[in-house]
> 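Can you read through this structure? Questions will come right after.
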Amino acid sequence: MASVLKVRESKASERTIVVAGLPVGFVNDQLLTTLLKIHFQDTENKGGVVEDVMYPTRTKGVAYVTFKEKEVAENVVRKKHCLAEKVGPAQLTVSHFGEKVFSSVHAVLDLSVFRSQVRLENVVMDLKREISTLGFSPLGANGRISVQGSFLAIKKLKELLLLKVSSLLEKNRSGQSPRGSMQRSSHSLKSLRSSIPETLRSGESLVLDTDVFLYLKNKSGFYESTLKKFHVQCQERVDGDITTVCIKNVQDRSQPNKAKQVKELIEKYSHALSFELRKETFILEGKEHREKRNIKLACEQVSSRCLQVLVNFYETHIDVIGSSSDIYLFKKEVMKLTRQKVR
């Protein structure tokens with residue numbers, strides 16, 4: 001963690017890239033670090049002299065690579081990268097290092113809707129095999145399981161689950177049983193079908209980081225104006241760190257690609273936001289009542305002046321989201337009002 005902070009606080013951030021999608025469990029960390037260094041020094045990969053490789057990091061399957069020259073980092077992110085020949089199939093996601101809202105996402109899945117269709121243990125095994133960068137907790141008796149990893153990995157997980165649901169529904173429509181038996185539970189099928197919003201079956205859906213989505217919706221006029229411009233409806237479902245947005249045309253017969261256009265626009269805009277935004281958290285848990293009240297009042301007072309900053313109040317903490325410069329000024333003002341030292 002200290003090494004990451006060092007990158008953030010120095011000009012090295014301009015020469016650093018984030019590498020996600022690294023295979024977990026194929027080779028040891030030291031060998032993978034060496035392979036990454038060799039890969040990104042190869043001129044065929046648009047690489048150059050590598051100063052440092054930080055791996056493992058707090059986020060499973062993610063590494064930070066710092067080059068000697070800024071131009072090399074800029075060239076590398078423009079190319080697709082794969083370590084397939086060395087450590088098995090591994091399509092890497094490479095991006096510029098930045099103050100992102102999210103680095104690690106935690107989500108709880110309810111797999112109980114699959115119970116009478118397939119063995120839940122087999123579902124979990126398939127997911128682990130498909131997305132090795134995610135960390136899974138033991139499967140609970142109630143069908144719930146916790147997962148943690150990068151937002152991109154969580155997004156891929158949700159897409160895989162939606163595909164599995166669609167596949168099971170199609171099999172049931174055609175009279176096939178996932179277990180090879182002709183007996184099917186109509187109740188479980190109904191439960192499975194009702195667990196998917198109607199908009200998912202007839203429209204478009206995308207998965208966003210919740211903090212990015214809240215900023216997009218509450219502090220950016222882009223979201224509402226885009227919905228009005230294209231005459232589409234949205235259903236939003238917040239599940240902890242991730243939010244699913246389901247988009248459907250208001251007039252299905254007229255220009256059916258509108259929902260898809262809106263999905264692509266929101267996806268592109270939110271992706272750009274994720275690199276621009278930074279989140280600061282004021283911890284309330286464990287503090288005395290007076291100190292909690294002072295922090296809340298200070299945040300309320302400063303937020304009335306800093307209109308581009310999103311402030312979310314929770315029982316245990318307060319999240320402040322905005323650009324790096326806005327967040328710094330916001331924190332400085334709050335600390336001044338509460339007479340604390342800015343760190």
Side-chain angles (χ1 to χ4, degrees), residues 18-26 56-63 82-83 87-95 100-115 117-140 142-170 178 191-197 199-201 203-214 235-247 263-264 266-267 270-271 274:
V18 182
V19 183
L22 293 171
V24 177
F26 282 86
T57 61
R58 187 174 59 177
T59 305
K60 197 173 181 181
V62 172
C82 185
L83 294 178
V87 292
Q91 185 69 46
L92 305 179
T93 301
V94 179
S95 58
K100 298 183 180 181
V101 165
F102 54 86
S103 58
S104 181
V105 177
H106 175 267
V108 178
L109 303 179
D110 185 356
L111 302 178
S112 61
V113 294
F114 295 106
R115 194 183 295 279
Q117 303 291 312
V118 291
R119 283 176 54 84
L120 298 189
E121 292 79 5
N122 291 344
V123 174
V124 175
M125 286 177 61
D126 289 343
L127 296 176
K128 287 181 177 179
R129 185 172 61 252
E130 291 285 343
I131 316 176
S132 61
T133 56
L134 282 176
F136 290 80
S137 72
L139 179 65
N142 60 356
R144 289 177 176 269
I145 187 170
S146 296
V147 293
Q148 186 168 357
S150 70
F151 176 68
L152 290 175
I154 293 289
K155 181 178 179 180
K156 183 179 178 182
L157 172 67
K158 193 140 190 175
E159 291 169 351
L160 283 174
L161 288 172
L162 290 174
L163 285 174
K164 187 173 285 290
V165 168
S166 299
S167 175
L168 289 174
L169 288 172
E170 187 59 37
S191 171
L192 189 60
R193 190 183 293 270
S194 64
S195 67
I196 317 169
T199 44
L200 279 181
R201 299 194 291 271
E204 298 286 339
S205 67
L206 70 155
V207 182
L208 302 174
D209 173 80
T210 294
D211 289 325
V212 172
F213 170 73
L214 291 175
Q235 179 184 350
E236 302 143 4
R237 179 176 295 175
V238 178
D239 296 312
D241 291 332
I242 58 176
T243 294
T244 305
V245 180
C246 307
I247 309 163
K263 174 187 175 180
E264 291 173 352
I266 293 176
E267 209 162 30
S270 61
H271 180 71
S274 70

> Just how far is it from atom CZ of Phe136 to atom CD1 of Ile131, taken to the nearest 0.5 Å?
6.0 Å
> For Ser137 and Ser146, indicate whether the former's side chain and the latter's backbone hold a donor-acceptor pair under 3.5 Å.
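Judged by distance alone, yes, a pair lies under 3.5 Å.
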> Please give me the minimum heavy-atom distance between Asp110 and Arg144, naming the atom from each residue.
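Residues Asp110 and Arg144, closest heavy atoms: OD2-NH2, 4.0 Å.
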> For Leu109, which of Val123, Val124, Val147 qualifies under side chain to side chain contact (heavy atoms under 4.5 Å, CB included)?
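The passing option is Val147.
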> Would you call Leu134 and Leu127 a side-chain contact if the rule is heavy atoms closer than 4.5 Å?
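No - every pair of side-chain heavy atoms lies 4.5 Å or more apart.
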> Nearest heavy-atom pair of Ala63 and Leu22: which atoms, and what distance?
CB-CD1, 3.6 Å
> Grab the two heavy atoms, one from Leu160 and one from Glu130, that are nearest each other, plus how far apart they are.
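Heavy-atom minimum between the residues: CD1-CB, 3.7 Å.
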> If you round to the nearest 0.5 Å, how far is CE of Met125 from CZ of Arg129?
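Reported value, rounded in 0.5 Å steps: 6.5 Å.
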> Once rounded to the nearest 0.5 Å, what's the spacing between atom OG1 of Thr243 and atom CD of Glu236?
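Thr243 atom OG1 to Glu236 atom CD measures 8.0 Å (nearest 0.5 Å).
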> Just verifying a value: how many Å separate Thr244 OG1 and Leu208 CG, rounded to the nearest 0.5 Å?
8.5 Å
> Set out, in order, the CA-CA distance, both residues' side-chain angles and the distance that settles side chain to side chain contact (heavy atoms under 4.5 Å, CB included) for Leu206 and Ile247, then state yes or no.
CA-CA 8 Å; Leu206 70 155; Ile247 309 163; 3.6 Å; yes
> Rounded to the nearest 0.5 Å, what separation is found between the CG atom of Leu161 and the CG atom of Leu111?
6.5 Å
> With rounding to the nearest 0.5 Å, note down the distance linking OG in Ser112 to CD1 in Ile145.
12.5 Å
